[in-house]
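Protein chains get the first letters and strands the later ones, always in sequence-line order, with residue 1 at the start of each.
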Amino acid sequence: MQRRTLLTAATFAAALAGTGLAAHAADVVKIPCVCEMSGAGAVSGTNYHDGAMLAVKEINAAGGILGRQIVMDTYDTQTDPQVSRALVQKAIDSGAYAIMGTVYSGSTIVNMMVAQRAGVPQFTGSEAPNITERNNPYIFRTSSGAQKGVPALTAYFKDQLHVTKIAVEWVNNDFGKGGHDVFRKEMKRVGIDVVADVPSEQGQVDFSSDVSKIKQSGAQAVFVYLNEEEDARFLKEAKKQGLKAPLVGEVTLTGQKVIDLAGGAAEGAFAHVGLATSAPVPSIEAFVAKFRKAYGRDTDHNGIKGYIGVYAIKYATEMIGKFDRKALASKMHGLTLDVKKYPGMLLTTSWDKTGELSRESFMTEVKNGKQVVIGTVPAN
Amino acid sequence: MSQFLQVLLSGLSTGSIYALAAIGFTLVWQAAQTVNFAQGEFVMLPAFFVLIGIHWLHMPLWLALIFGLIVAVIVLGLLFKKLIVEPMLPNGGLPLIIATMALSILLKEGTKQFYGAEAQPYPSLFPQTTLHMDGAVVSVQDLLNLVVSLTIVVALTLFLNRTRTGRCMQATAQNPAVAEILGVNTKRMVLYTFLINAALAALASFLISPVYLAKFSNGETLGLVAFIAAIVGGFNQIRGALAGGLLIGVLDNLTATYVTTEYRAALPLVLLIVIILWRPQGLLGTSEGRKV
Amino acid sequence: MSAGTPVLSVRDMSKSFGAIHAVQGVSFDVMPGEILGLIGPNGSGKSTLFNCILGQLTPNSGRVEVNGQSVSGRRACDLNRLGVGRTFQQLSVFPQMSVLDNIILAGQEHRGTMLGRLFGAPDAGLTADADQMIRFFRLDHLRDTMAGALSYGQQKLVDAAMAFMAGPSLVLLDEPAGGVNLTMLANLKERLVAYNREHGTSFVVIEHNMEFVMSLCTRIIVLAEGRIIAEGAPDEIRSNQTVIDAYLGG
Amino acid sequence: MLELKDLHGGYGKITILNGVNFVIPKASITTVIGPNGAGKSTVFKAIFGLLNIHSGQVLLDGQDVTRASPAQMIGHGVTYVPQGRNVIPQLSVWHNLELGGITSPDQARVRARMEEVMDQFPMLRQRRNQKAIELSGGQQKQLEIARALLLDPRLILIDEPSIGLSPNLVQEVFATLIRLRDQGVTVLMVEQNAKAALAMSDYGLVLELGQTRMHDRAETLLADPRVGHLFLGGHIEEG
Amino acid sequence: MRRPGKPVLLGLGLVALALAPVGQTDYILYILSSWLVFAIAAVGLNLTLGYAGQISLAQASFMGIGAYTVALLTLAGVPWLVAMPAGVLLCFLVGLALGFPALRVQGHFLAFVTLAFNTLFFLVARNEDWLTGGPYGLSGMPRPDFWLFNTDPNLPFYYFTLIVFVISSALMWGIVRSPWGRAFKALRENPIRAESLGLDTRRITLLAFAIGSAYAGLAGAMFSPLVQYIEPGSFSFVQSLRVLLMVVVGGSGFFFGPVLGAAVVILLPEFLRFTEGYYLMIYATMVILLMVFCPSGLIGLGQRLRDRFRPGRELRGDMKQGAQL
């Protein structure tokens, strides 16, 4: 029976051998990407990773950061928070200068503590409000959190749609709950009555009771805060049941993926998008084209997040003139990168003391099967 | 009232597709005493066979559907039986269960690897029109899903009861020893069962994917719901699995509408526990001669 | 236990399954040290009677007393603690435990309290007793073998040894000779008789093998269609025309 | 008609048959008797291809059918009615009956035979649409026997037909078997109810410990005190 | 079982475990610690399933109960040494309750009841956010500090995990060697015979669940300070399957089976990472092949190989009797 113990020891030996990759080469800088390449978050994670990789290639072709080539290793979290924690640790052990990822908030919440402890700046794609509420000096967003995005919609509901009764349909996980909680707070603040509050399961397929409840509630508008596939299913069901109230989302609802999946049902949906791949901004149009050329497919906003994250690291590092993690983190706080001087940012972007990000954002609508920007919301 | 009708009809439509998966599960259980933990993936996968037919082999939809059905029957029926179930049956139930769990990972990851992690739009089989009935809106797709599923169930029941092969299959499932002494080729009958299971899963896949969209992770919830439906209805009865599927579909919607949305997933589970403890043979099942 | 109290007393036992009356008003006593044979054609109700006595079936009516104490409705494990051992018709060892472990298990539940057993010796202090029992059944060379790897007849011996391990006052043997070859059978019978003589344990034996029953038992009860049709010493039964008719049909 | 030559066999590693030898003539009834565990039922399973045969031969009209599968045995005109309940519980009586001829390519003939068989067992006709599980034990046994007759077998192996049957039904079953014999069918039967069975049989066969101990005309065996002795203890001395 | 050098091998194994973290990165320390934590849960399930033959698909929910209890208590300032027994005791009691269905149903049905229990636990953990933090989960649980031994850095935490693992394994060793262990096996192999030998099978069935669950609770109590963040998804049904996989792949019913199985389930995917997207597929295929060719798991495979060279020992055989579904 004790053979097993020996075997275990052998396992260790192999484990030791496997970690010989901490080799330091002076002419490279390690910026690993820890993200969701498989599991529920694979779509977002893959785009984030590919966007970041695109920036890495460009920067390396142009001579790297301070003359050093970037090495970006990929660590797949399987959309599992525990795995992501282990992998952030692994990335740090390998000598990371900064870390890209993760995208899913549930993972980021766990692994940001590891990066904080090691003092490694981390550029996350997550949008849950609580990430920047923890006084973690090493976490930075690559798109604004839901607590910034949702209030941008408040004015739209109040001043443009003039609604007094509203419904919210949200996915009952950490992502959806974050948006939902901010939304409830905002509606309370401006005095709009939330008449239907409908949580749904991740991966839910039958939205008939959800739509039917919203229909019965007499809501004049619906705030939809779901993942892409559920967005599409919800839109289809809403169209089927003839739900007339305008459907307004944050980020995902008017994305190209949702439009493809929902077919005609996405027509007329609105969304506030922090970063829209369809924004009528030349820099973003150019990025979208580059991405398509490099990968043969379209990206969603996560591709932009990854892209600008790597560029932000480059610009801030060049400002401090050396590879110093601590200095990088403190430089990022309160930093504004103007797109005219720093074209890799695509849009002028600033970070505050908590790592929260602020920049111009967009109101979009689905028209003729395309996401169209119908207005911009200034940076706050 | 119109709301009730609305959710009822939607529930029936979704439930009818659960029923198809549950029936396949039931058949395999009867024929081989096998619980297939990859049943959800069996429903997920055939939609991708169809997409391969359409996108890679440039087939028209109808041909792609036939192609998908055939590939599903070969891969999920024949190969599953020959390569996994058959060599493992003598090893008892637990290793087989673990193997089907591993198979579900393999199918999921394989699909993701070869077709991508994103959900894929899937062509509708039926027109996207709606009917208005007493204030409720019913899509033609929902109605036809229900009709097609029920037709399949009726056809299957007729096949099992009205044809010689069907009755041989029943004999094999109910009493393999007797079937054997009557000269029935019991091995072949068990194989037929696996083929039918694969075909049912494929049909469920074709019906469900226009709504569910084709995604590698679709099987996760579906498999579980199919089990629950099969158990609630009665492990050893086709009509039990049908009733179980419809019941779960409807109850899920009614709970979400009138009781609780947060705990909508809990109701089928509570039902499952109550049924197992109170009536292990299921609502419509008859107690099996075999020991469980 | 006075010599006058029967070890087992069955009164007016009846059991029916639907319209079939498997056992109808059977009464009998087993006295200390007695070996009682219970025979009868297939379907005569022997097994049903056995199961009713052992609490595996709930009889429609009737009473069972062990050493003067009513045990109706008791669970099998309680019955065992009251001193009733049994063997099974089908093979009934623990196949993936060694012979020694099989035998120790049979005794350990009679030692101390449940918690005491958790903290006490791993063998519950039974190794010596178990070894003695193993020697008694001449299984010494198989002591550490997995019981499932034994031959059919050897497993029957282990089954019997387990029934005796707790020092019962009564053992019910359900077809002990079934499927056992002649040499092994002679061994088994001789061991049973020896055990009976040494410990005064009473046996009730269900058995089809007439030679075995006739030579082992001191008294025989013949059941047919759920009733006792004859009772007496083996020689009386052997020549009883009613019994011959019941067995050969007619 | 049927000949077993020194047949050895069993389940897995347990050997039950230790050399069974007999020849039974055509159009006769032979009853196999012997104590429990003597291997009576096992002999049937060995003939019908349901057992590991270690050595020896089964000959049917001189043709070697050792280790033929059940389906092949049916093709050779042999049917088997095992001990216990052997109907398909959820199928109707009619469909259960039909299963007896399920392997036949000539289904029209099967239909015709079903009518004939139901003439012999009128109860089956009355209950043709009932589920088999709803029949009483005796009725189920009749159904099984009827099912075994469907393909005009040459040889019927029937194991303990009288278990669970009332005495008058037993007489009926025996009468059916006699009628079959008169029609030229060979019957091989295992029966606990030895006296009655031997009384209606042509031959008797005594098995003990997996070996043939006696094989003689039925009335000879009936008159033999050793038979009674065998059942009530003691051995049959060799010879 | 009498083999020379058994204590020597055991000692070597312990030394290997003690030396394993020397010179290792934090990542490896974390992976090793999480292996030991899951091994505790798997050792518990091995008692329920491997020894007593009762299938349970709810092991992750008991890890969850233990983890949430410890998280809530330690966040409220209760020391870990007090919080841990509370979590373990709660799991023991809930496990006792979950054992009751096992008195009525077995096999697949029991599997489904426990599966349903696990999913219900998940729903409660997610929906009752006043207690559990809902989908956000709970974070920032402190790692225990024992005066001179502060486990906050990863290295001491590994040793802390190792100590807990060794103590709990030793306790389990004591249980399976005691008459209880024999009773559990008897329950697996032949409950009716066991009952007829005076064994109270009801009580022993409930205990099999309760003890197995208490071990999961202990694993949860370790998981909480290890990850310092818990959320409902960490204790979903899929995680129970992982623990089951550990037990069966390692060798259900063998004492060290689940420890090895946990190593395979947690460490093997890490080794296979170089195959990138294919690693889960390779992993799944390996599990299927193992189940087809050696259903008694890796330890069974090892024994089978050894028996080739050293004939005359009895094989444990397959799990036909007890742990059958």
Tell me, side chain or backbone of [X] under 4.5 Å from chain B's heavy atoms, or both, or neither?
| X | answer |
| --- | --- |
| E:Val292 | both |
| E:Ile282 | neither |
| E:Val124 | both |

Any donor-acceptor N or O pair under 3.5 Å, side chains B:Asn36, B:Thr100: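 Result is no, nothing qualifies.
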Quick check on the interface: out of E:Thr285, E:Leu241, E:Val287, E:Leu245, who has the most heavy-atom pairs with chain B under 4.5 Å?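 Of E:Thr285, E:Leu241, E:Val287, E:Leu245, E:Leu241 has the most heavy-atom pairs under 4.5 Å with chain B.
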Decide yes or no on ring pair (Phe, Tyr, Trp, His ring centres under 6.0 Å) for B:Trp56 and B:Tyr115, but give the supporting numbers first. CA-CA 11 Å; B:Trp56 297 6; B:Tyr115 222 97; 5.6 Å; yes
Please classify the contact of [X] with chain E as side chain, backbone, both or neither, using a heavy-atom distance under 4.5 Å.
| X | value |
| --- | --- |
| B:Ile231 | side chain |
| B:Leu106 | both |
| B:Ile228 | neither |

With side chain to side chain contact (heavy atoms under 4.5 Å, CB included) as the test, would you mind laying out the steps for E:Met291 and E:Val248 before giving the verdict? CA-CA 9 Å; E:Met291 288 297 105; E:Val248 177; 3.7 Å; yes
B:Thr261: partners by side chain to side chain donor-acceptor pair (under 3.5 Å), with sequence neighbours left out: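 Once residues adjacent in sequence are excluded, B:Thr261 has no partner under the side chain to side chain donor-acceptor pair (under 3.5 Å) criterion.
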Only counting residues at least two apart or in another chain, list the ones meeting side chain to side chain donor-acceptor pair (under 3.5 Å) with E:Thr114.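 Partners of E:Thr114 under the side chain to side chain donor-acceptor pair (under 3.5 Å) test: none.
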Considering only heavy atoms and a distance below 4.5 Å, find which of B:Ile273, B:Ile105, B:Ile98 pairs most often with chain E. B:Ile98
Per the side-chain contact (heavy atoms from CB on, under 4.5 Å) rule, which among B:Val75, B:Ile74, B:Val73 passes with B:Val71? B:Val75
